[in-house]
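This report refers to the structure that appears directly beneath it.
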Amino acid sequence: MFEIVDRDGLGRLGRLATRHGSVQTPALLPVINPNNVLIPPREMADRFGAEIVITNAYILRRTKSAGGSVEGDVHNRLAFEGPIMTDSGAFQQHVYGDVDVTNGEIVRYQASIGSDLVTMLDVFSEPSHSRAEASAGVDETLRRAKEAAAIKEEVGPDPFALVGVVQGGVHAPERTRCAQEISKLGVDVAAIGGVVPLMESYRFRDLVQVVIASRQGLSPHLPVHLFGAGHPMLFALACLLGCDLFDSASYAKYARAGRMMFVDGTWRASELEHRICECAACAKRTPAELAGDERAIAEHNLAVSFAEIGRVRQAIKTGDLWELVERRCRAHPALLDGLKELRRHASWLESFEPLSRHSALFYTGSETVYRPILHRLRTRLQERYSPPRRKVLVMFPEGEKPYMARQAAAMEKVERVCNAHFLVKSAFGPVPIELDEMYPISQSLVPDQLDLEVLEASEVFARQFLAGAGYEFGILWEGDATLEELSKWREEPTPIDWILQRVRATADMQFGRGAADALLAGKVDLVRSKNTGRVRNVLVDCRHILSMRAHDGFFSLRAEGGKALHRAFAKPALRVVVDPETAEFNRAGKNVFAKFVLAADANLRPMDEVLVVDPDDALVAVGQCLLGPEEMAAFDRGLAVRVREGLPP
Ligand code: GUN
Ligand code: ZN
């Protein structure tokens with residue numbers, strides 16, 4: 001019922017199917033108060049593009065028992081034919097301390113009024129709860145989730161979608177445990193609950209920890225709802241951490257208090273002397289008129305919120321969600337703390353990072369250097385890269401790109417004096433000169449003036465790299481004066497073919513240490529672009545094994561290259577194992593669907609080049625995976641590997 005259409009790291013564009021139509025995600029669900037409808041859902045759909053709304057079943061049910069008229073379908077009650085999610089009353093438990101309904105009653109009630117997404121009655125865990133309290137709450141939440149799943153089974157063949165809730169307070173292990181167990185229960189949506197108090201008090205660093213700990217336990221096939229996240233300044237960050245659905249009562253609550261929400265903060269309408277927004281509600285009123293109009297402020301809040309959802313969707317499509325998040329998190333110091341928290345989770349976040357993106361990486365501040373893609377670059381340099389055998393290392397300062405072309409004259413001068421290797425001390429860490437065209441090195445923009453913290457980090461990264469690299473002497477290039485220093489290391493010249501070195505280093509960084517030796521065993525011919533001189537195709541013994549992509553500097557793998565890697569790397573490395581029943585189709589060049597993936601190498605990343613094998617490890621195709629390994633195994637829908645070449649038996 002949930003299909004991923006596109007993704008950027010953990011952020012994803014999806015389609016959620018319900019009995020009343022499908023919903024594009026990320027989605028914002030405006031909260032409709034059934035007893036006080038400020039803006040009717042139909043109008044929300046027509047004017048703001050809301051595809052789904054949420055209302056509170058606990059309140060609906062109380063209204064009914066007090067002699068009200070809530071019978072029959074919630075769609076009639078709200079006069080909305082689209083999908084409707086209902087909440088259970090767990091939040092009222094947080095506000096009032098207790099609720100007079102059981103889990104079984106409220107789940108059955110939601111089913112009886114035809115809700116499309118039914119929420120169990122979870123136990124709201126307060127941030128102040130001790131680990132023991134949170135743990136007891138998780139136990140009870142899980143018991144109720146099982147009960148709700150059983151009720152769903154009873155209800156019949158085409159029932160509602162069930163929303164299971166992840167609680168656990170601010171205790172990461174409880175969050176992860178709750179999420180893991182919820183994932184096993186056959187729920188259709190996972191919601192992260194108990195976070196409203198964190199958001200109300202701007203504890204965004206704790207929020208990031210809670211969302212990550214929850215997400216770490218959830219199966220990737222589940223859409224993730226973040227309960228109570230209604231401020232647009234938060235949407236980009238929450239999507240970056242893998243949240244797909246948000247509900248907002250904030251648009252109305254803020255409006256009641258005369259407050260206008262923007263992506264970079266909140267303003268009191270009465271304090272605005274100038275027009276600062278072009279939305280329809282603001283455009284036709286003076287600031288003074290707006291300040292006295294609760295409904296107009298609510299419309300403004302919705303317009304800004306839905307526009308931000310659109311902006312996030314576009315960022316996922318374009319591949320610049322990180323940049324958007326880095327910009328948004330500068331709106332408030334507490335959000336900046338949330339952003340800075342991400343570096344502590346870089347290695348987990350890295351596992352969802354695509355091999356490359358189509359958009360350039362922008363440096364927006366000192367946090368950028370800790371982005372997962374750059375964490376990967378530094379880790380792979382340690383684990384996969386082997387520098388050419390040279391005693392001397394010459395280090396260039398950060399400069400214009402591509403580095404090798406810019407430093408060609410200096411390199412030539414040095415090579416006339418001694419045999420050296422070269423690297424650039426970039427803001428992101430040391431970059432061996434032959435890797436300068438690999439994403440995101442030449443596809444990134446960095447300001448000339450770097451923050452002190454970044455200069456220090458760059459020193460640390462360089463020291464870490466040099467500790468294991470085996471050079472005897474390293475020197476910073478300071479122009480011709482450096483040549484004199486280098487003359488002590490004068491040797492018989494043994495020139496390096498830097499173009500071949502680029503091919504070798506890229507192969508090891510992309511596929512793993514030893515890949516270059518495996519792929520390039522034989523007579524190597526490099527076919528280069530007539531215009532740019534850049535390598536296009538790699539032939540070994542006249543067989544085309546690799547193509548180098550212009551946009552990211554990585555290789556596309558050909559069947560002959562796949563065979564070489566398959567021989568050299570033992571399973572499960574680089575492999576996606578497919579159902580033997582469908583392997584024949586892949587041999588014929590057909591794509592691999594996630595449904596037929598049995599297993600995948602845990603070290604694969606989205607957009608990696610992969611070996612498609614059958615369970616006996618026979619190579620059936622080579623291609624590019626669109627999902628991460630965990631996702632390929634968990635998803636029942638969508639493409640897993642775009643096959644480039646099949647290998648007929
Ligand atoms: N609305 C806001 N927070 C929560 C929560 O933790 N659980 C539920 N069910 N609804 C909420
Ligand atoms: Zn406005």
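Read the numbers this way: they start at 1 and go in the same order the structure lists the ligands and their atoms.
Close approach of ligand 1 to Gly193 (heavy-atom distance below 4.0 Å) involves ligand atoms 5 (C), 6 (O). Interface of Phe124 with ligand 1, defined as ligand atoms under 4.0 Å from a residue heavy atom, comprises 3 (N), 4 (C), 5 (C), 6 (O). Heavy-atom contacts of Gly194 reach the following atoms of ligand 1: 5 (C), 6 (O) (cutoff under 4.0 Å). When each atom of ligand 1 is checked for a heavy atom of Ser88 under 4.0 Å away, the hits are 9 (N). Close contacts between ligand 1 and Ala90 involve ligand atoms 7 (N), 8 (C), 9 (N) [criterion: under 4.0 Å to a heavy atom]. Close contacts between ligand 1 and Val196 involve ligand atoms 2 (C), 3 (N) [criterion: under 4.0 Å to a heavy atom].
Ring geometry, His20 versus His75: the interplanar angle falls under 30°, so the pair is classed parallel (tilted spans 30 to 60°).
Between the side chains of Ser219 and Ser183, no donor N or O sits under 3.5 Å from an acceptor N or O. Remark: the Gln110 side chain and the Asp87 side chain contain no N/O donor-acceptor pair separated by less than 3.5 Å. Under the 3.5 Å distance criterion, with hydrogens and angles disregarded, a donor-acceptor pair is assigned to the side chains of Glu353 and Trp322.
At a 3.5 angstrom cut-off on N or O pairs, Thr119 does not count as close to ligand 1. Polar contact with ligand 1: absent for Phe91 (N/O pair, distance under 3.5 Å).
Few gaps surround CD on Glu294; more than 12 heavy atoms of other groups in view lie less than 6.0 Å from it.
Ligand 1 lies within reach of Gln167, whose nearest heavy atom is under 4.0 Å from it.
Residue contacts with ligand 1 for Asp122 involve side-chain atoms from C-beta outward but no N, CA, C or O (heavy atoms, distance under 4.0 Å).
Taking each heavy atom of Arg259 and Asn301 in turn, the nearest pair found is O-ND2, 3.3 Å.
Here the Zn ion (ligand 2) is the vertex; the SG atom in Cys282 and the SG atom in Cys279 give an angle of 110° (to 10°). His300 contributes ND1 and Cys277 contributes SG; the angle these two atoms make at the Zn ion (ligand 2) is 110°, rounded to 10°.
The nearest heavy-atom contact from the protein to atom 10 (N) of ligand 1 is Asp87 OD2, 2.6 Å.
Under the ring pair (Phe, Tyr, Trp, His ring centres under 6.0 Å) criterion, Tyr251 pairs with no residue, sequence neighbours left out.
Taking the centre of each ring, His300 and Phe262 come in below the 6.0 Å mark. Phe227 has its ring centre no less than 6.0 Å from the ring centre of Phe91.
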